[in-house]
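One-based numbering, in listed order, for ligands and for the atoms of each.
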Amino acid sequence: MMSPMPPESESPQLLSLRLREETRQSHEQIESVLDLMQPGLTLEQYARLLERWYGFEQVWQTAADRAIGYLLPPDFLTRRRRLPMLRADLLACGRTAEQIDALPSFPATLLDWKDRSKALGTLYVIEGSTLGGQHVAKFIKQHLGLTPEHGVAYFSSYGPEVGVRWRETKAVLDTPPFPIDADAVVAGAIATFDYLSGWLSSPLPVLPGEG
Ligand code: HEM
């Protein structure tokens, strides 16, 4: 006899929805740690945050590429490289190329790159940040008078393409092109949120001569 269909609640949940639910708290935490959209925000505070993002993105880009780049659809990661945007923003904020090259990098070994599922979890976090980035970009534009062409490229990310790119990312998560362990993807996403919260909120060491 055929077994009855499982009730709706027992059918497997889409990984993208599970990620959203199970990282909700981590997202709230990173948003509050950043405390970015506040009227007192100065250009210098914004530039310091971009510096921290730079130190993370630089490491993420290389590590994610090595871990899962070749398993994803062609050019999936190369089309999403946002390091040049951060660099342009930092230059627009008055940093020199030498200062940017000397920025400290996020310690890559904090995240587990050997586990492909966990690496996929980092992709969810970084790509998802383009959604909130739209709100951040709007605020920075209004508040600091910057534009996507001058100072706010990173948070503007793919402009009108943000929605399309996010749907592509969700498709990769929901029908992964390689075998995954869903629990590990979620664990990878939570670890990324948590380490990134700490990294973005810790102040950069003051360089000699900066006072
Ligand atoms: C002030 C900072 C932030 C604000 C105001 C913000 C706001 C938002 C909002 C409104 C959404 C939902 C957008 C939509 O569904 O269209 C969203 C989604 C998301 N954000 Fe943020 N965000 C912020 C920072 C970040 C950061 C720093 C990260 C990660 C590094 C991040 C990761 C995500 C992710 C992964 C999603 C997708 C959630 C889903 O699965 O639907 N956000 N954010």
Seminar exercise, completed: Of all protein heavy atoms, the one nearest atom 30 (C) of ligand 1 is Leu196 CD2, 3.4 Å
Exercise. So, do Phe106 and Trp199 have ring centers that fall under 6.0 Å from each other?
Worked result: yes
For this session: Within a distance under 4.0 Å of any heavy atom of Leu34, pick out the atoms of ligand 1 and give their elements.
Result: 27 (C)
Problem set entry | Asp174 versus Ser16, side-chain donor and acceptor atoms under 3.5 Å | yes
Exercise. Nearest protein heavy-atom contact for atom 41 (O) of ligand 1: which residue, which atom, what distance?
Worked result: Arg20 NE, 3.1 Å
Exercise. Okay, side chain of Arg82, backbone of Tyr158: is any donor-acceptor separation there less than 3.5 Å?
Worked result: no
Exercise. Is any NZ, NE, NH1 or NH2 atom of the basic residue among Asp183 and Arg18 found under 4.0 Å from an Asp or Glu carboxylate oxygen of the other?
Worked result: yes
Exercise. Can you list the atoms of ligand 1 that are under 4.0 Å from a heavy atom of Trp53?
Worked result: 27 (C), 30 (C)
Problem set entry | ligand 1 N/O within reach of Tyr124 N/O, cut-off under 3.5 Å | yes
Problem set entry | Basic-acidic side-chain contact under 4.0 Å: Arg48, Glu44 | yes
For this session: With 2.8 Å as the limit, jot down which protein N, O or S atoms are around atom 21 (Fe) of ligand 1.
Result: His27 NE2
Exercise. For ligand 1, which atoms have a heavy atom of Trp166 less than 4.0 angstrom away?
Worked result: 37 (C), 39 (C), 40 (O)
When the side chains of residues 132-139 are checked against the rest of the protein, which donor-acceptor pairs come out under 3.5 Å, sequence neighbours left out?
{"unit_1": "Gln134", "atom_1": "NE2", "unit_2": "Thr130", "atom_2": "O", "d": "3.3"}
{"unit_1": "Gln134", "atom_1": "NE2", "unit_2": "Ser156", "atom_2": "O", "d": "3.4"}

Just distance, no hydrogens or angles: give the donor-acceptor pairs under 3.5 Å from side chains in residues 145-152, sequence neighbours left out.
{"unit_1": "Thr147", "atom_1": "OG1", "unit_2": "Glu149", "atom_2": "N", "d": "3.4"}
{"unit_1": "Thr147", "atom_1": "OG1", "unit_2": "His150", "atom_2": "N", "d": "3.0"}

Problem set entry | atom 7 (C) of ligand 1 protein-contacted, heavy-atom criterion under 4.0 angstrom | yes
Problem set entry | Check: Ala153 main-chain N/O paired with Ser157 side-chain donor or acceptor under 3.5 Å | no
Problem set entry | Any pair counted as salt bridge (charged side-chain N to carboxylate O under 4.0 Å, His left out), so long as it reaches residues 68-81, sequence neighbours left out | Asp65-Arg81, Arg79-Glu168, Arg80-Glu127, Arg80-Glu168
